[in-house]
Amino acid sequence: MTDAAIETRDLAKTYGRTVALEALTMRVERGEVFGFLGPNGAGKTTAVKLLLGLARPSGGSGTVLGAPLGDRAVRGRVGYLPELFRYQPWLRAREVLTLHCELAGLPAAVRRGEIDSALATVGLAERADSFVGTFSKGMQQRLGLGVALLGSPELVVLDEPTSALDPVGRTEVRSIVRAVADRGATVFLNSHLLGEVERICDRVAIVDRGRVVASGRPSELGGERGVRVVVHGLANAGSIASSFGGVAADGDGLRIACRRSAIPDLVAALVSAGGRVDTVEPLRSSLEERFLEIVAADGR
């Protein structure tokens, strides 16, 4: 037993001679939004299937909400939005949610309230009685998210929840995900939109070839990129800065590839030479840049 929302140790899955997941070890704390990232073929979908009990591991172990993988009682405490899903086009949105309330075993007395709450949360209250066949892909994505939130699950697993949404829709989904986490639930988010992950996730894990190759807070995974400095009154500012690292023009300033610890000495050198330093902006790489670097270093 473990107090983590999700914990795996050397989790593996093979299909014949094909290794889908090699040795996945990770821990997702309760109440956090956790991003699960990786290139195509990295084992993300296989990992999700194992966590949800949709497939059996070939090796290793894991727990979800304190119970072993595949525990049937735990499934009722987990909400899931798969990447590829399709609801019957002849059903109305409310009917889809009613069906899933029944499948989840929610008491009849609470179903109406759960459905109304889910529709309002995902912005479909006014389309409750519309046929799914009239919904855009983005609206169907919202409906799927509403299904995943029925019953206030302790763990919500979202597979590419914003892939079909416009920027406004993505912003709304970010707010929904944060609200889910704020009420104490855990969100396990699988997405290839790294900018979205960087904005919303408390921690992330980058998986490649079936194992975690990096993990931590998005800000921790971003590497140092030097500093951007805007200095006036100094014609040879670039020459002075070059002794601290590579220099490149950046608008009205200079981008210097130096370590953060060297920034005070850099500023002091510019001021001593007669310059007036107006801006000092430490630069870090984005999560997307670090993702590409990490995957490349892993042999991709």
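All values reported here derive from a predicted model rather than from experimental measurement.
Cluster annotation: Leu103 and Leu150 are assigned to distinct hydrophobic clusters (Ile/Leu/Val/Met/Phe/Trp/Tyr, side-chain heavy-atom contacts under 4.5 Å, transitive). There is a path of hydrophobic side-chain contacts, each under 4.5 Å, that joins Val267 to Val231.
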Report the C-alpha distance between Ile115 and Thr98 in whole Å, list the side-chain angles of each, state the deciding distance to 0.1 Å, and finish with yes or no for side-chain contact (heavy atoms from CB on, under 4.5 Å).
CA-CA 7 Å; Ile115 291 168; Thr98 299; 3.3 Å; yes
Given side-chain contact (heavy atoms from CB on, under 4.5 Å), test Tyr80 with Leu155 step by step and report yes or no.
CA-CA 9 Å; Tyr80 176 42; Leu155 171 64; over 6 Å; no
Check the pair Leu119 / Thr121 against side-chain contact (heavy atoms from CB on, under 4.5 Å), numbers first and verdict last.
CA-CA 6 Å; Leu119 288 167; Thr121 298; over 6 Å; no
Decide yes or no on side-chain contact (heavy atoms from CB on, under 4.5 Å) for Val213 and Val207, but give the supporting numbers first.
CA-CA 6 Å; Val213 294; Val207 61; over 6 Å; no
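A cation-pi arrangement is present between Lys13 and Tyr15 under the rule of less than 6.0 angstrom and at most 45 degrees off the ring axis.
Within a 6.0 Å radius of CZ in Arg56, no more than 12 heavy atoms belonging to other residues, nucleotides or ligands are found. Other residues, nucleotides and ligands place more than 12 heavy atoms under 6.0 Å from the CZ atom of Arg178.
Between Val78 and Leu65, the closest side-chain pair of non-hydrogen atoms falls below 4.5 Å. Annotation: side chain of Arg30 is in contact with side chain of Glu154 (closest heavy-atom distance under 4.5 Å). Between Leu11 and Thr25 the shortest side-chain heavy-atom distance does not fall below 4.5 Å.
Annotation: ring-ring contact (aromatic ring centres under 6.0 Å, His included) contacts involving residues 28-72, sequence neighbours excluded, comprise Phe34-Phe188, Phe36-Phe188.
A salt bridge is absent between Glu29 and Arg203; no separation between the charged side-chain nitrogens and carboxylate oxygens falls under 4.0 Å. Using a 4.0 Å cut-off between a side-chain N of Lys or Arg and a carboxylate O of Asp or Glu, Lys44 and Asp159 do not qualify as a salt bridge. A salt bridge links Arg228 with Asp252: the closest approach of a Lys/Arg side-chain nitrogen to an acidic carboxylate oxygen falls below 4.0 angstrom.
In terms of heavy-atom proximity, Pro153 sits nearest to Arg183 at O-NH2, 3.1 Å.
Among residues two or more places apart in sequence or in another chain, the salt bridge (Lys or Arg N to Asp or Glu O under 4.0 Å) test is passed with Asp278 by Arg276.
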